[in-house]
Chemist: 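Before I ask anything, here is the structure I am working with.
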Amino acid sequence: MNFKKFISGVSAFAIAASAFAAMAVTASATDYNESITLGAGNGYNIANYNSNGVATAKTGITYAALRADLSELTDIEDATSVTVEFDAATYQNNVVAFGFGDAAQRTTIADGSGNFKTGGLAMFFGSVNGSEFRAYDVKSGSNKNIGSGFFGKVVHAKVRFNKEAGTYDYELSQGSNKLSQTGIATDIGNLTYVEAYTKTAGAQMMFKNIKVSYTVEDAPAVTTEAGFTYKTTIEKLTTGTVSLTIEATDGETTQESTVDITDKLEGFAGDLMLAVVIDEIPEGITITSASISLD
């Protein structure tokens, strides 16, 4: 959790007024949407990748692949859910597979003989023998037959990963034909990697329109430092606005965030003792001051 997200999260804090009012975190989130453009560095033993998203494997090789590492996308390491989708196609008599997984766990896509490796993947689909088109779950080893009618046609593939649940959902669609499954348990830690693989020399495969969408909670998610408590007394609220200001630093930059808490104090008479308690402070961030102001 970075400094920018922590300080912006102060605006999501709510004060529950009482004799000792406490600060609580109200979670909010940021949604990201990215489109991935493949370049020369994404290909391995690929002779050509054209403007239509069709890759042609080199001849005389043990395997070829296109892959996209998504792990450098902004804050994706903190995402609570990640959805990746793309368009794919392959042809009968070609061994071609398309996979979804975790870039940090995906060490290799093939061994010396060109055999497909599944480590670090949640699932993959395509044909491992050139005659059957199937979807495979890596953790359980189970698979579902998609049907040979999907060969030679554009298939839209979509996988959504739920980090908290440790599950994924997928949908493969070609026109009105669809294959889907939800709530599948997986061993991957994040969905930050997609690939297209073949061990058929000269094979063609479509791999394009890669889109990534994910949600990152703005409130601090990990407590690694001691908490912070601020107490003060304010006079009886009659008119005006009560504001809470928090100042924090990451050692290089100091920032402030102010939030109006007037509505949290309605209905209370007399002087109030307020206690502002922040239990979750990310590593490397220090709360330097807090203050209450009446305008």
Side-chain angles (χ1 to χ4, degrees), residues 29 31-38 52-55 65-71 73 76 79-92 94-103 105-106 109 116 118 120-129 132-198 205-216:
D31 294 323
Y32 295 87
N33 294 281
E34 303 282 350
S35 294
I36 306 301
T37 300
L38 296 178
N52 294 319
V54 176
L66 278 170
R67 55 184 178 180
D69 183 339
L70 316 173
S71 60
L73 294 179
I76 195 171
T80 55
S81 65
V82 181
T83 299
V84 181
E85 53 189 308
F86 58 80
D87 292 328
T90 186
Y91 304 90
Q92 204 151 17
N94 290 337
V95 174
V96 176
F98 304 91
F100 295 82
D102 186 337
Q105 298 172 237
R106 189 69 172 143
I109 54 177
F116 186 51
T118 60
L121 296 181
M123 64 91 65
F124 64 97
F125 69 95
S127 181
V128 297
N129 56 18
E132 297 177 309
F133 204 115
R134 293 179 176 269
Y136 297 83
D137 173 54
V138 173
K139 182 176 174 65
S140 69
S142 63
N143 66 85
K144 290 183 175 292
N145 185 25
I146 300 175
S148 58
F150 274 44
F151 281 117
K153 297 179 180 179
V154 177
V155 177
H156 186 73
K158 185 175 183 178
V159 168
R160 179 181 183 275
F161 173 65
N162 183 322
K163 182 181 292 186
E164 182 177 0
T167 61
Y168 72 93
D169 311 332
Y170 76 85
E171 180 180 281
L172 304 174
S173 58
Q174 190 282 309
S176 60
N177 299 315
K178 292 185 179 181
L179 178 69
S180 63
Q181 195 170 350
T182 61
I184 309 166
T186 180
D187 291 329
I188 66 169
N190 204 351
L191 180 54
T192 55
Y193 178 93
V194 286
E195 70 179 34
Y197 158 90
T198 183
M205 53 188 178
M206 177 185 288
F207 186 50
K208 69 174 186 176
N209 296 334
I210 304 170
K211 297 179 180 179
V212 186
S213 57
Y214 54 101
T215 298
V216 179

Chemist: Is any side-chain heavy atom of K158 less than 4.5 Å from a side-chain heavy atom of Y170?
Modeler: no
Chemist: F207 and F86: aromatic ring centres closer than 6.0 Å?
Modeler: yes
Chemist: Any chance the rings of F116 and F124 have centres within less than 6.0 Å?
Modeler: yes
Chemist: So, D87 and N209: side-chain donor and acceptor under 3.5 Å apart, yes or no?
Modeler: yes
Chemist: I'd like to know if the side chain of S127 reaches the main chain of E132, judged simply by a donor and an acceptor atom lying under 3.5 Å from each other, with no hydrogens or angles considered.
Modeler: yes
Chemist: S142 side chain to D137 main-chain N or O, any donor-acceptor pair under 3.5 Å?
Modeler: no
Chemist: In this structure, is the centre-to-centre distance between the rings of Y91 and F151 below 6.0 Å?
Modeler: no
Chemist: Do any N or O atoms from the side chain of E195 and from the backbone of I109 form a donor-acceptor pair under 3.5 angstrom?
Modeler: no
Chemist: Could you tell me whether the side chain of D69 and the main chain of S71 form a donor-acceptor pair under 3.5 Å?
Modeler: yes
Chemist: Look at the side chain of N145 and the backbone N and O of G147, then say whether any donor-acceptor pair between them is shorter than 3.5 Å.
Modeler: yes
Chemist: Just checking, any donor-acceptor pair under 3.5 angstrom between side chains of N190 and T192?
Modeler: no
Chemist: Is the backbone N or O of T167 less than 3.5 Å from a side-chain atom of N162, with the two atoms forming a donor-acceptor pair by type?
Modeler: no
Chemist: Cut-off 3.5 Å, side chains only: do E85 and H156 have a donor facing an acceptor?
Modeler: yes
Chemist: Are V82 and I76 packed together at the side-chain level, in the sense that at least one heavy-atom pair is separated by less than 4.5 angstrom?
Modeler: yes
